[in-house]
Amino acid sequence: MGRSPCCEKAHTNKGAWTKEEDERLIAHIRAHGEGCWRSLPKAAGLLRCGKSCRLRWINYLRPDLKRGNFSDEEDELIIKLHSLLGNKWSLIAGRLPGRTDNEIKNHWNTHIRRKLLNRGVDPATHRSIAGALFGAKEPEKAPMKPLCPDVNLDLCISLPFQEQQKKKSPAEESMSQREDWKCGGQFLSLDCGALIRSLEMK
DNA sequence: AATCCTTCCAACCGCGATTCG
DNA sequence: GCGAATCGCGGTTGGAAGGAT
């Protein structure tokens, strides 16, 4: 087959990045853009695999990263988004400018989980822990109460529409708020943008 | 001052989806 | 159309830093 391996594992560094490696990576991406991660380490003169370079850039070196502590507003937004999307950290990160999925995931595991537990809320289900502790049964057929009653959670199911759309560049694609989920051969078309905007208007 | 414990986060690992030859 | 390489994501881990004893 035609492809070469992604990296020569025997000649790649692992572990913490040095300042020099950071500088090389930044300089290369400034000059050439992100491009192909596989070929980047060699082109940049780095003894790292492309995967490691990508992670380092996205999570630490990108100039648009906010860093620093999360505000209460960000915490609440993360909680709301998590109640809707679950552990879809990349989707959640897409709604928090300057934050990465890894950063949000870490923040969730170290701070927000504890915060919710202190409130008596199960961080996995976003439901009261008290009910579960005292054996309260979920009404089997009762309609689920929406977690955020003022949010429109209607999903629209439609046939694939991608063919109708003009081909987007990867960058445009990542900017798009519309998520298309395959569902038993059909597509679940979920307008995340509208959903989340309605959350933020609260 | 030394040791142990806890917290935090950068980085790694493995897997599914996508792309490419 | 097939299989391998690559990408991107979520889960997990290792170790540095700070606090407690």
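Labels below follow one simple rule: chain letters A, B, ... track the order of the sequence lines, proteins then strands, and each chain is numbered from 1. If you're wondering where the values come from, they're calculated on a predicted model, not measured in any experiment.
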*Asks:* Let me know the distance between CZ of A:R54 and P of B:dA11, rounded to the nearest Å.
*Replies:* 14 Å
*Asks:* Under 4.5 Å between any side-chain heavy atoms of A:L91 and A:D101, yes or no?
*Replies:* no
*Asks:* Whom does B:dC20 pair with, Watson-Crick or G-U wobble, provided both distances fall under 3.5 Å?
*Replies:* C:dG3
*Asks:* Just how far, in rounded Å, is C1' of B:dA11 from CH2 of A:W57?
*Replies:* 18 Å
*Asks:* May I ask you to evaluate whether A:W89 reaches the phosphate of C:dG8, defined as a side-chain N or O under 4.0 Å from OP1 or OP2?
*Replies:* no
*Asks:* Using a cut-off of strictly less than 4.0 Å, decide whether A:S52 has a side-chain nitrogen or oxygen near OP1 or OP2 of B:dA11.
*Replies:* no
*Asks:* Can you tell me if A:K14 touches the phosphate of B:dC13, counting only side-chain N or O atoms and a distance under 4.0 Å to OP1 or OP2?
*Replies:* yes
*Asks:* Any side-chain N or O of A:H107 under 4.0 Å from OP1/OP2 of B:dC9?
*Replies:* no
*Asks:* With a non-hydrogen cut-off below 4.0 angstrom, is A:N87 in contact with a base, only sugar-phosphate, or nothing?
*Replies:* sugar-phosphate
*Asks:* Do the side-chain N or O atoms of A:N102 get closer than 4.0 angstrom to the phosphate oxygens (OP1, OP2) of B:dC9?
*Replies:* no
*Asks:* Round to a whole Å and report the spacing from CG of A:N106 to P of C:dT12.
*Replies:* 13 Å
*Asks:* With distance as the sole criterion, do the side chain of A:K88 and the base of C:dG10 form a donor-acceptor contact below 3.5 Å?
*Replies:* no
*Asks:* Taking side-chain hydrogen bond (donor to acceptor under 3.5 Å, both in side chains) as the definition, give me every residue that meets it alongside A:R113, ordered by chain and number, with sequence neighbours left out.
*Replies:* none
*Asks:* Could you tell me whether A:R48 sits above the aromatic face of A:W17, with NZ or CZ closer than 6.0 angstrom to the six-membered ring centre and within 45 degrees of the axis?
*Replies:* yes
*Asks:* Apply side chain to side chain contact (heavy atoms under 4.5 Å, CB included) to A:N106 and list each qualifying residue two or more places apart in sequence or on a separate chain.
*Replies:* A:N102
*Asks:* In whole angstrom, what separates A:K51's NZ from C:dG8's C1'?
*Replies:* 9 Å
*Asks:* For B:dC12, does either OP1 or OP2 sit under 4.0 Å from a side-chain N or O belonging to A:R48?
*Replies:* yes
*Asks:* Rounded to the Å, how far apart are A:Y60 OH and B:dC9 P?
*Replies:* 11 Å
*Asks:* Counting just side-chain N and O atoms, does A:W108 come under 4.0 Å of either OP1 or OP2 of C:dG10?
*Replies:* no
*Asks:* Whole angstroms only, please: what is the CG-C1' distance between A:D101 and B:dA10?
*Replies:* 13 Å
*Asks:* Parallel, tilted or perpendicular: which describes the rings of A:W108 and A:H126, with under 30° parallel and over 60° perpendicular?
*Replies:* tilted
*Asks:* Look at the side-chain N and O atoms of A:R56 and state whether any lies under 4.0 Å from the OP1 or OP2 oxygen of B:dA11.
*Replies:* yes
